[in-house]
Amino acid sequence: MPAKPIRVKIRTEQGQTKTLASGIEAFSSPTGMGPDLFLGLGPDPASAALLAGPGPVRFVECPEFEAQMGPEWIRMVPSHWERLEPEHLGKDLAGASRVRFFRQNRSLFPSFWGPILARTTLWTAGIGPGQAGTKRVLFAHGPGALMAPEITRAFARAGFEIRSLAVNVGPEDLVLALRDGRPDLFFSLNFQGLDRFGLNFHLLREAGVVPITWCVDNPFHLLSGLETAFWRDMIVLTTDAWAVDLLRDLGAKAHFLPLAADKAVFGGQDPDGSPVWDAAFVGRSAFPNRDRFFSGLDVPGELLAEAEALMAAGGRPDFSWWRKRLGPGPLWPGRQVRRIGLGAEICSLGWRSAVLAAVAGAVNLKVVGDDGWKELLGPE
């Protein structure tokens, strides 16, 4: 009769309480050949022992995990197993070992395990920091992403060889991309291509690649989806100058990079030399999945009325305004910032709609965007 699974709860790096998996299925499939090397033993070291071969066994464990497991857990670790500190886990040792890791490590204490898992993954794949050669960039963006063609042309003009990556690229796909040729840069729009626990970031950094993200949407909305602080160790660009100091206060290496027009799009003329419209606006009425992003949130009606009165008087109830009115909650970690963003988003849409309606009343306006504008401005 199989042993009853061990049910243990732990407080994670993010302050959440999670139930730990147990049994041999809680460990990854082995990679490499040689003596066993476990990256984390899970709540039941006996399960790891079932997977170990007859030879020597080494393991690395997160100190915070071990502290929460307590003395009983330590007594369960076979006495002849050798514990390694992370700084002693070298390429020669890991490359000559059969490596398994406790799967939940990636989400429990990612700041500890991220660099370790990245190094061992790259070593197993035979990838190490390379020498700069042909200028290459890995560009992570979604299908049909706004600005992707313009950014691609800009990198090409700067002499870069460009390789596009899917927005949901996993560690395995990223390792394959790195094996094909180490890039100088990893360029992401809105943290796309970077998982919320930072494993892809650590893979890039361990391979000697400079990761950069350009936040073309509200950077604090984007940060609210990240669970660990890996973004503090990369270059964060933002189109919003007001956000730079706030990001730096959080520890980010933030810089202002404004939007600009691409000559390839705006440099030509119509065939007959005359414009079809007096004015044109290009943009979405809402960012993708906006309603789901703000699900369960609202803003006080009295504050919304105050914001509308301010807009009617020519003022701008922007993100900073809503932050002052709703209180100085944390900008990160957590999702409290989304409530501030909801107020700013409502007002921003109202402002843009009013401006476009005024322009349409004065000249022949063409709006290029999603169907949401039809509800806001009418079908024409």
Side-chain angles (χ1 to χ4, degrees), residues 1-14 16-127 170-172 175 195 197-200 202-203 206 227-228:
M1 182 175 179
K4 185 178 180 180
I6 292 179
R7 300 296 182 190
V8 178
K9 293 185 181 295
I10 195 170
R11 189 169 180 82
T12 71
E13 177 182 316
Q14 299 80 36
Q16 302 168 340
T17 300
K18 287 189 177 181
T19 299
L20 297 177
S22 63
I24 60 175
E25 297 82 5
F27 294 87
S28 69
S29 299
T31 57
M33 299 292 291
D36 288 291
L37 172 61
F38 286 92
L39 302 179
L41 298 178
D44 179 20
S47 295
L50 292 175
L51 296 170
V57 177
R58 301 181 179 94
F59 72 96
V60 178
E61 191 53 85
C62 174
E64 178 58 28
F65 180 95
E66 181 177 339
Q68 292 193 50
M69 291 299 98
E72 182 60 30
W73 178 91
I74 297 174
R75 287 192 287 269
M76 293 169 64
V77 178
S79 59
H80 63 282
W81 286 13
E82 179 185 359
R83 176 169 185 155
L84 297 175
E85 298 302 323
E87 59 269 23
H88 298 147
L89 183 61
K91 180 178 181 179
D92 292 340
L93 188 153
S97 300
R98 187 170 68 151
V99 182
R100 296 179 190 266
F101 64 88
F102 182 61
R103 295 181 189 275
Q104 284 182 288
N105 281 341
R106 291 179 289 193
S107 61
L108 297 175
F109 299 99
S111 295
F112 177 86
W113 286 113
I116 295 172
L117 292 174
R119 283 197 296 271
T120 54
T121 299
L122 292 173
W123 290 337
T124 302
I127 300 172
E172 298 82 6
V175 167
D195 60 285
F197 294 111
L199 182 57
N200 280 359
H202 289 296
L203 282 170
E206 293 294 331
E227 300 286 350
T228 61

One pair to check against side chain to side chain contact (heavy atoms under 4.5 Å, CB included): V8 and Q68. What are the steps and the verdict?
CA-CA 10 Å; V8 178; Q68 292 193 50; over 6 Å; no
Atom CG of L108 and atom CZ of R11: how far apart are they, to the nearest 0.5 Å?
13.0 Å
Compare every heavy atom of T19 with every heavy atom of K9, then report the nearest pair and how far apart it is.
NZ-OG1, 2.9 Å
Are H202 and P110 side-chain neighbours, meaning at least one heavy-atom pair lies under 4.5 Å?
no
F109 vs I10, test: side chain to side chain contact (heavy atoms under 4.5 Å, CB included). Steps then yes/no.
CA-CA 11 Å; F109 299 99; I10 195 170; 3.8 Å; yes
CD of E25 to OG of S47: how many Å apart, nearest 0.5 Å?
8.5 Å
Kindly indicate, with the supporting measurements, whether the criterion side chain to side chain contact (heavy atoms under 4.5 Å, CB included) is fulfilled by V60 and H88.
CA-CA 10 Å; V60 178; H88 298 147; over 6 Å; no
Partners passing side-chain hydrogen bond (donor to acceptor under 3.5 Å, both in side chains) against R83 (at least two apart in sequence or in another chain):
E66
When the side chains of residues 71-81 are checked against the rest of the protein, which donor-acceptor pairs come out under 3.5 Å, sequence neighbours left out?
{"from": "E72", "atom 1": "OE1", "to": "R75", "atom 2": "NH2", "distance (Å)": "2.9"}
{"from": "W73", "atom 1": "NE1", "to": "G42", "atom 2": "O", "distance (Å)": "2.8"}

From F197 CZ over to L117 CG, what is the distance, rounded to the nearest 0.5 angstrom?
12.5 Å
D195 side, atom CG; E227 side, atom CD - distance, nearest 0.5 Å
10.5 Å
Partners meeting ring-ring contact (aromatic ring centres under 6.0 Å, His included) with F27 (sequence neighbours left out)
F38, F102
Checking N105 now: which residues fulfil side-chain hydrogen bond (donor to acceptor under 3.5 Å, both in side chains) with it, not counting sequence neighbours?
W113
Work out which heavy atom in P43 is nearest to a heavy atom in M69; give both atom names and the distance.
CA-SD, 4.1 Å
Drop me the distance from E206's CD to W123's CH2, to the nearest 0.5 angstrom.
7.5 Å
Does the side chain to side chain contact (heavy atoms under 4.5 Å, CB included) test come out yes or no for L84 and L37, once each step is laid out?
CA-CA 10 Å; L84 297 175; L37 172 61; 4.1 Å; yes
Mind checking the CZ-CG spacing from R119 to L203? Nearest 0.5 Å is all I need.
11.5 Å
Is any side-chain heavy atom of S107 closer than 4.5 Å to a side-chain heavy atom of T12?
no
In short, salt bridge (Lys or Arg N to Asp or Glu O under 4.0 Å) pairs touching residues 54-64 with sequence neighbours left out are R58-E82
Minimum-distance pair of heavy atoms, taken over all atoms of P171 and L199:
CG-CD2, 3.6 Å
With salt bridge (Lys or Arg N to Asp or Glu O under 4.0 Å) as the rule and sequence neighbours excluded, what pairs involving residues 29-41 come up?
D36-R98
Taking all heavy atoms of L41 and all of A48, pick out the closest pair and write down the distance.
CD2-CB, 4.1 Å
Closest non-hydrogen atom pair between P35 and P56, with its separation
CB-O, 3.6 Å
Please check if any side-chain donor atom of T228 sits under 3.5 Å from a side-chain acceptor atom of E13, or the reverse.
no
